[in-house]
Amino acid sequence: MCNMTFEETGGDHSSDRMETVAIALEEVLSSALPQGCITAGVYEAAKSLNADPDNVVLCLLATDDEEDVALQIHFTLIQAFCCENDINILRVSNMRRLAEILGGVKPGGEPMDLHCVLVTNPQSSLWKDPALSKVTRFCSESRCLDQWVPVINLPDR
């Protein structure tokens, strides 16, 4: 699975490829949201990961503030859990864009905690989403390059 030559891996994380993955990630989030397949918030994500890790297909860690030590500790624990349970994980920059995609506000008007976002499988059927396949393949290829938590920048629209 990780039998790529140096030439094959050289351009894998070019800006075009990263933009393609960012667009695919936006598609995944946009299609998962109306299906109720999004869990947002560090605490809510931890509960969901503990209850049913096999149902989680993707974990996103997002922050625009690298200085928050408590948040970084949470991220380290979530990353370790995801790696242990073979859950694809991405670090996402541009929280403002992530909030735009996901609505960013709870029904009561309170802002959502988007520092950790899980995408889960719908209960009704297996999710065969080409965008999710692109993101999954990117995560897998990144692990082959020893980039266990690749960073994706969601471009402004």
Side-chain angles (χ1 to χ4, degrees), residues 1-4 9 11-15 17-33 35-104 106 111-123 126-127 129 131-156:
M1 181 190 243
C2 293
N3 298 331
M4 291 185 269
T9 60
D12 270 356
H13 295 279
S14 68
S15 60
R17 168 130 172 135
M18 297 299 272
E19 186 175 333
T20 300
V21 173
I23 291 167
L25 178 58
E26 287 187 31
E27 291 173 17
V28 167
L29 294 172
S30 296
S31 64
L33 187 61
Q35 296 181 55
C37 296
I38 296 287
T39 301
V42 173
Y43 179 71
E44 291 81 0
K47 287 192 315 186
S48 181
L49 286 167
N50 185 50
D52 191 7
D54 294 334
N55 196 37
V56 177
V57 295
L58 182 63
C59 176
L60 305 177
L61 300 176
T63 185
D64 289 333
D65 177 16
E66 300 294 326
E67 302 294 319
D68 189 340
V69 175
L71 187 58
Q72 296 307 316
I73 291 170
H74 287 295
F75 281 3
T76 300
L77 294 171
I78 291 169
Q79 288 173 17
F81 187 90
C82 289
C83 288
E84 182 74 21
N85 289 278
D86 296 320
I87 297 169
N88 290 313
I89 185 167
L90 288 172
R91 191 81 180 240
V92 177
S93 59
N94 196 347
M95 284 192 63
R96 188 185 58 73
R97 179 66 186 134
L98 184 61
E100 287 173 6
I101 296 166
L102 296 177
K106 292 180 183 176
M112 292 172 65
D113 172 11
L114 297 175
H115 290 107
C116 184
V117 176
L118 301 180
V119 179
T120 56
N121 266 322
Q123 296 295 332
L126 291 175
W127 196 11
D129 184 352
L132 181 60
S133 297
K134 278 184 189 174
V135 173
T136 300
R137 187 171 46 254
F138 174 77
C139 290
S140 177
E141 291 169 357
S142 295
R143 284 192 298 274
C144 290
L145 299 171
D146 285 331
Q147 296 173 348
W148 291 88
V149 186
V151 178
I152 294 293
N153 181 36
L154 292 173
D156 289 319

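Predicted model, so just to flag it, every value in this text is computed and none were measured.
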### Task
Kindly state each residue pair satisfying salt bridge (charged side-chain N to carboxylate O under 4.0 Å, His left out) with at least one member in residues 94-103, sequence neighbours excluded.
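Found E26-R97, R96-E100, R96-D156, R97-E100.
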Pairwise side-chain contact, [X] with [Y], heavy-atom cut-off 4.5 Å (strictly under):
X    : Y    : answer
R143 : N88  : yes
L58  : L25  : yes
V56  : T39  : no
I73  : V69  : yes
C37  : N121 : no

| query | Which heavy-atom pair separates A99 from L114 by the least distance, and what is that distance? | reply |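 Shortest heavy-atom separation between A99 and L114 comes out as CA-CD1, 3.4 Å.
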Next item on the list: Please check if the side chain of N153 supplies one atom and the backbone of P155 the other of a donor-acceptor pair under 3.5 Å.
Entry: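 Checking the backbone N and O of P155 against the side chain of N153, no donor-acceptor pair under 3.5 Å is found.
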*asked:* Whether the side chain of S48 engages the backbone of E44 through a donor-acceptor N/O pair (distance < 3.5 Å, no angle test) should be reported.
replied: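 Side chain of S48 to backbone of E44: no pair is present.
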Please list, one pair per line, the donor and acceptor atoms closer than 3.5 Å that link side chains of residues 131-138 to other protein atoms, with sequence neighbours excluded.
unit_1	atom_1	unit_2	atom_2	d
S133	OG	D129	O	3.3
T136	OG1	L132	O	2.8

For residues 74-87, tabulate all N or O donor-acceptor pairs below 3.5 Å that involve a side-chain atom, not counting sequence neighbours.
unit_1	atom_1	unit_2	atom_2	d
T76	OG1	Q72	O	2.9
N85	ND2	F81	O	2.9

What is the distance from atom [atom1] of [X] to atom [atom2] of [Y], rounded to the nearest 0.5 Å?
X    : Y    : atom1 : atom2 : answer
L49  : D54  : CG    : CG    : 11.0 Å
L118 : D52  : CG    : CG    : 11.0 Å
M112 : L102 : CE    : CG    : 6.0 Å
L60  : L29  : CG    : CG    : 5.5 Å
L154 : S93  : CG    : OG    : 6.5 Å
R91  : C59  : CZ    : SG    : 10.5 Å

